[in-house]
Amino acid sequence: MVKPYSLLFKLSFIASVFVSQVVSATQKSETELSVQYFQGALVVGKTAPENKVTLNGDTIKVSKNGDYALGFSRDEKNNSELMIISPNGTIEKRTLKPLKRKYNIQRVKGISKKIMNPNKKAISRVGEDNKKINAARQVDSDLTAFAEGFIAPIEGTITGVYGSQRYYNGVPKTPHYGLDYAGKKGDPVKSPAGGKVLMYVSDMFYSGGTMIIDHGHGVTSTFLHLSDSYVEVGDTVSKGQLIAAVGASGRATGPHLDWRINWFNMRLDPALVLKLKPLKL
């Protein structure tokens with residue numbers, strides 16, 4: 001017999017940069033759930049371990065403790081259907097409605113053609129860098145550090161935010177997908193959550209010293225423009241552990257840390273991730 005609590009699940013999500021909420025649902029038919037999720041949010045869920053979780057028909061990994069993760073892209077406009085399926089076939093459904101955000105848009109004119117149009121050698125190198133990054137972000141490990149909350153990787157002033165975008169000479173460039181922290185070369189960088197080091201390359205074309213740490217279930221942190229690494233690929237790290245040093249490597253205008261969060265290849269907002277709280281059934 002399925003225990004009464006087996007259909008209980010909770011979702012932790014960010015309603016804004018300043019507000020986080022926890023929603024619970026039971027198998028009672030009179031329960032109504034109506035919530036909104038911001039674009040760029042990481043959603044951390046918890047259910048009974050024996051339950052199956054799907055998002056728009058795709059199965060999502062559930063840990064032995066019932067933890068799971070999903071996310072919404074910067075510009076997601078479509079609703080998603082989350083389903084919690086018990087072993088006896090009972091289904092709980094939730095429609096997730098991503099709430100639209102406004103991003104900082106800047107228009108810059110007078111940029112040189114050299115910057116606007118990199119040479120073929122640079123383009124080829126960027127392609128190789130992206131292959132390494134994409135491979136690391138496909139890892140779907142059983143780690144569950146993503147469900148234990150995050151801390152800022154550096155104590156510094158925030159100088160750049162997620163979602164902002166520049167238009168150079170009228171041409172839209174790729175939005176900024178990280179959180180920039182001001183710092184001096186050599187300043188300590190800490191792991192925002194526990195995990196495993198998947199990649200470190202000291203000289204990528206755009207991002208210079210680049211490290212990726214796996215937090216489990218497709219959730220990763222990426223650190224850009226580093227001047228040094230204090231851990232090696234394959235190392236297990238704990239939340240708050242010293243992992244690297246701030247730098248100005250790659251195409252950086254000065255020393256700073258660019259921290260990014262992904263759910264597989266989906267780019268999420270680190271500022272929202274910092275507001276997540278661990279869940280308990």
Side-chain angles (χ1 to χ4, degrees), residues 1-101 140 142-150 162-163 215-220 261-281:
M1 177 178 293
V2 178
K3 296 180 180 180
Y5 61 78
S6 66
L7 296 182
L8 291 175
F9 69 95
K10 293 183 179 180
L11 292 175
S12 174
F13 67 96
I14 303 303
S16 71
V17 173
F18 307 102
V19 182
S20 64
Q21 301 182 28
V22 176
V23 179
S24 64
T26 73
Q27 64 188 84
K28 295 180 180 180
S29 59
E30 66 269 18
T31 299
E32 295 185 4
L33 304 172
S34 177
V35 295
Q36 292 178 312
Y37 301 82
F38 274 71
Q39 295 168 328
L42 171 67
V43 179
V44 175
K46 198 172 188 70
T47 187
E50 63 268 22
N51 288 343
K52 177 181 178 181
V53 177
T54 68
L55 183 69
N56 298 326
D58 295 326
T59 300
I60 293 178
K61 181 195 291 287
V62 178
S63 76
K64 294 180 180 179
N65 295 322
D67 302 303
Y68 60 93
L70 56 98
F72 292 101
S73 68
R74 175 186 182 270
D75 301 306
E76 182 61 65
K77 298 177 181 179
N78 297 322
N79 294 345
S80 294
E81 184 178 68
L82 181 71
M83 296 178 61
I84 310 296
I85 307 169
S86 72
N88 69 359
T90 304
I91 298 175
E92 288 285 345
K93 294 183 179 181
R94 165 73 69 84
T95 297
L96 308 183
K97 304 170 65 174
L99 186 61
K100 187 176 181 179
R101 298 170 61 181
D140 188 10
D142 292 332
L143 298 177
T144 57
F146 70 89
E148 299 169 7
F150 291 76
Y162 173 92
H215 303 302
H217 291 219
V219 180
T220 58
I261 287 284
N262 272 62
W263 181 52
F264 299 107
N265 282 333
M266 187 178 292
R267 294 157 171 165
L268 308 177
D269 188 349
L272 299 184
V273 169
L274 289 173
K275 298 298 180 179
L276 290 171
K277 303 297 182 182
L279 297 175
K280 293 183 180 180
L281 281 179

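Here the CG-OG1 distance, from L143 to T220, works out to 12.0 Å after rounding to the nearest 0.5 Å. Taken from CD1 in I60 to CD1 in I84, the straight-line distance is 8.0 Å, to the nearest 0.5 Å. Rounding to the nearest 0.5 Å places CG of D67 at 11.5 Å from CG of D142. Here CD of E81 is found 12.0 Å from CZ of R94. Values are rounded to the nearest 0.5 Å. Atom-to-atom distance recorded for K52:NZ and I91:CD1 is 9.5 Å, nearest 0.5 angstrom.
For the pair N78 and N56, the minimum side-chain heavy-atom distance is 4.5 Å or more. The closest side-chain heavy-atom distance from M266 to L268 is below 4.5 Å. Residues D140 and F264 meet the side-chain proximity criterion, which asks for heavy atoms closer than 4.5 Å. In this structure the side chain of P98 reaches within 4.5 angstrom of the side chain of N79, judged on heavy atoms. Contact check for L42 versus L272: no side-chain heavy atoms found under the 4.5 Å cut-off. In this structure, I261 and Y162 have side chains that are not in contact, with every pair of non-hydrogen atoms separated by 4.5 Å or more. You'll find the side chain of Y68 reaches within 4.5 Å of the side chain of L82, heavy atoms only. Looking at heavy atoms from C-beta onward, V43 lies out of side-chain contact with L96 at the 4.5 angstrom threshold.
Nearest heavy-atom pair, L55 versus S80, reported as atom, atom and distance to 0.1 Å: CD1-CB, 3.8 Å.
Judged by distance alone, the side chains of N65 and S63 never bring a donor and an acceptor atom under 3.5 Å apart.
In this structure, W263 contributes its side chain and S73 its backbone to no donor-acceptor pair below 3.5 Å. No side-chain donor-acceptor contact under 3.5 Å links K46 to the backbone of P278.
Between H215 and F150, the two ring planes are perpendicular [angle over 60°; tilted spans 30° to 60°].
Screening R101, R74, Q39 against D269 for a side chain to side chain donor-acceptor pair (under 3.5 Å) leaves a single residue, R101.
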